[in-house]
Amino acid sequence: MSEQPVLLPYADPAFVADPFPLYRRLREDGPVRRAVIAGGLDAWLVTRYEDGLAALSDPRLSSDVRDAADPRLVGQLPDFERESLMSTMLRSDPPDHTRLRRLVSKAFTARRVADLQPRIQEITDRLLDAVVPAGRAELVADFALPLPVTVIGELLGVPVDDRYDFQRWTDAMLVRGEKMPDPAVVNEAWQRMRAYLTAHLEAKRARPGDDLLSALISAHDEQQRLSRDELIAMTFLLLVAGYVTTVNLIGGGIAALLAHPDQLSLLREQPDLLPDAIEEFLRYDGPVSPGIARFAREDVEIAGVTVPRGATVLIASAIADRDPVRFPDPDRLDVTRRDNGHLAFGHGIHYCLGAPLARLEGRIAIGTALRRLPGLALAVPPDELTWRPGGLRGPARLPVTFTPGGRAD
């Protein structure tokens, strides 16, 4: 294994558009590789499926960024990381993680998600109603983005006029490409979001409704409740996780089908394959890339490589999910693939709580788009598509054409 870290070249549009040739070389070169990832951070990439699966359940690998040695992750945390994500399930370990997940699970139930299906379908049809007469659309801005923003906004009881403020504030805080975001811009966005969430939380406490935030406020377990700061942090996490990755799942899934006309035709002919197709989109080109960060509490041996205490370990799900040892013909998109235990939603105690909602939105959005947009095709050459660099992967724009006039059933 090379001693020098490999640079993931986020300034290279070719890499951003298609990182998988480099990912494949990294996996073939060794199961654990040092790399410079988004934001210029140093990390140890775990590139093979079985090692990644084990690492995601290894208690020596912490989700708490305070276990990291890199001063950019610890000593220079922006306010929103210190005040928000540090108080959520995403960046906590047992016993705090156990308590938080148990309380949130009492509110974010499978039934609550299932009950959203008619409303998600209604929102989907309304968005498509606005574009089908034209015969062309920009499917990220017109469809893949507003759908999950609307769904998570309604789920949390956020007024319609306020939802795109959250999108703007969130975008200001995300790491993209080679550089970390401007700390002043990040902290200003977080302070605006925190002030809004505090006021919104107090309004819901005074007048609870039939929404997830009201349920989170009332959730309790053996006299334990989420504190105000935990509620604010959890609401922030749900807003971010509830739309950013789902935008990428919808946009990325449609982009993958447009790049593979045989699979697009097959899915049109056999719509019952859609649940399997969603899993394949998540495996083939998932919304998180390269993967999921952990921090070594101690020196940890992974696949014969000793990762030092304090190191950032990136379980590279985007690389591991194309491991040929686990997935036959892994670089081929196959919507009929059944044995598809991908790592896109993680594994173990941190398995994504919002996975059922993301799957439901993906199935409804992509299935309805295929039904209502006949003749769907890219409006630009494939090499002119632009992709989001670093951390969260999906098309930034997806201009398409189609035969106008597709109606809702």
Side-chain angles (χ1 to χ4, degrees), residues 1-12 14-58 60-63 65 67-70 72-73 90-91 175-180 245 282-327 330-331 342-348 350 387-393:
M1 185 184 68
S2 171
E3 294 298 324
Q4 291 297 319
V6 62
L7 174 67
L8 300 189
Y10 292 105
D12 181 356
F15 169 78
V16 173
D18 183 11
F20 295 102
L22 177 57
Y23 285 175
R24 182 170 55 252
R25 290 197 298 273
L26 291 174
R27 187 180 58 245
E28 292 170 351
D29 190 57
V32 182
R33 290 294 315 271
R34 284 183 61 203
V36 178
I37 59 173
L41 299 173
D42 187 80
W44 295 71
L45 294 181
V46 180
T47 63
R48 298 181 186 174
Y49 182 89
E50 288 300 328
D51 300 321
L53 190 70
L56 287 168
S57 297
D58 192 330
R60 299 171 299 173
L61 298 177
S62 170
S63 294
V65 71
D67 287 316
D70 192 321
R72 291 169 295 179
L73 287 171
L90 185 69
R91 286 284 171 252
V175 175
R176 290 189 183 85
E178 295 179 292
K179 297 181 180 179
M180 300 292 281
T245 53
L282 289 162
R283 182 203 69 83
Y284 178 78
D285 194 356
V288 177
S289 180
I292 303 163
R294 294 289 186 266
F295 311 99
R297 298 179 186 272
E298 58 189 74
D299 290 355
V300 179
E301 184 175 312
I302 302 175
V305 176
T306 299
V307 175
R309 176 183 178 182
T312 298
V313 178
L314 197 63
I315 294 95
S317 54
I319 305 178
D321 280 343
R322 293 200 183 192
D323 186 342
V325 175
R326 174 62 181 82
F327 300 101
D331 294 321
H342 59 74
L343 302 179
F345 287 131
H347 176 70
H350 285 279
W387 293 76
R388 304 176 192 278
L392 297 170
R393 175 168 169 79

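- Applying the salt bridge (charged side-chain N to carboxylate O under 4.0 Å, His left out) test to Asp285 and every residue at least two apart in sequence or in another chain returns Arg393.
- For the atom pair Ile315 CD1 and His347 NE2, the distance stands at 11.0 Å (nearest 0.5 Å).
- A search for salt bridge (charged side-chain N to carboxylate O under 4.0 Å, His left out) contacts involving Arg24 returns Asp331, not counting sequence neighbours.
- Residues Pro330 and Tyr284 share a closest heavy-atom pair of O-CD1, 4.3 Å.
- When the side-chain hydrogen bond (donor to acceptor under 3.5 Å, both in side chains) test is applied to Arg48, no partner is found at least two apart in sequence or on another chain.
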Quiz item: Yes or no on side-chain contact (heavy atoms from CB on, under 4.5 Å) for Val288 and Thr245, after CA distance, side-chain angles and deciding distance?
Solution: CA-CA 7 Å; Val288 177; Thr245 53; 4.2 Å; yes

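- The structure places CG of Asp321 at 7.0 Å from OH of Tyr49, a figure rounded to the nearest 0.5 Å.
- Taking the side-chain hydrogen bond (donor to acceptor under 3.5 Å, both in side chains) definition, one finds that Asp58 meets it with Arg60, sequence neighbours left out.
- Counting all heavy atoms, side chain and backbone alike, Ala303 lies closest to Asp51 at CB-OD2, 3.6 Å.
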Self-check item: Audit row: Ile302, Trp44, side-chain contact (heavy atoms from CB on, under 4.5 Å) steps and yes/no
Solution: CA-CA 10 Å; Ile302 302 175; Trp44 295 71; over 6 Å; no

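- Closest non-hydrogen pair, Ala14 versus Asp12, comes out as N-OD1, 2.9 Å.
- Inter-residue side-chain proximity for Pro287 and Leu282 is flagged as met; some heavy-atom pair is nearer than 4.5 Å.
- Taking the side chain to side chain contact (heavy atoms under 4.5 Å, CB included) definition, one finds that Ala54 meets it with nothing, sequence neighbours left out.
- Listed by chain and number, the residues in a ring-ring contact (aromatic ring centres under 6.0 Å, His included) with His350 are His97 (sequence neighbours excluded).
- One N or O on the side chain of Asp299 and one on the backbone of Arg309 form a donor-acceptor pair closer than 3.5 Å.
- Evaluation of the ring pair (Phe, Tyr, Trp, His ring centres under 6.0 Å) test over residues 17-43, restricted to residues two or more places apart or in two chains, returns Phe20-Tyr23.
- Formation of a donor-acceptor pair under 3.5 Å by the Thr47 side chain with backbone atoms of Pro31 is found in this model.
- Taking all atoms of both residues into account, the shortest heavy-atom contact from Ser57 to Gly348 is OG-CA, 4.0 Å.
- Of all heavy-atom pairs between Ala43 and Leu314, the closest is CB-CB, 4.4 Å.
- Interatomic distance, Leu61 CG to Glu298 CD, rounded to the nearest 0.5 Å: 9.0 Å.
- Listed by chain and number, the residues in a salt bridge (charged side-chain N to carboxylate O under 4.0 Å, His left out) with Arg283 are Glu280 (sequence neighbours excluded).
- For the atom pair Leu343 CG and Asp323 CG, the distance stands at 10.0 Å (nearest 0.5 Å).
- In terms of the side chain to side chain contact (heavy atoms under 4.5 Å, CB included) criterion, residue partners of Val6 (sequence neighbours excluded) are, by chain and number, Leu26, Arg33, Ala35.
- The minimum heavy-atom distance between Phe295 and Ser63, with the atom names listed, is CE1-O, 3.9 Å.
- In this structure, Arg322 fails the cation-pi test against Phe327, since its NZ or CZ atom is not both closer than 6.0 Å to the six-membered ring centre and inside 45 degrees of the ring normal.
- Every residue two or more places apart in sequence or in another chain that forms a side chain to side chain contact (heavy atoms under 4.5 Å, CB included) with Ile292 is listed here: Leu56, Arg294.
- Shown here are the salt bridge (charged side-chain N to carboxylate O under 4.0 Å, His left out) partners of Arg297, two or more places apart in sequence or in another chain: Asp67, Asp93.
- To the nearest 0.5 Å, atom CZ of residue Arg27 and atom CG of residue Leu45 are 12.0 Å apart.
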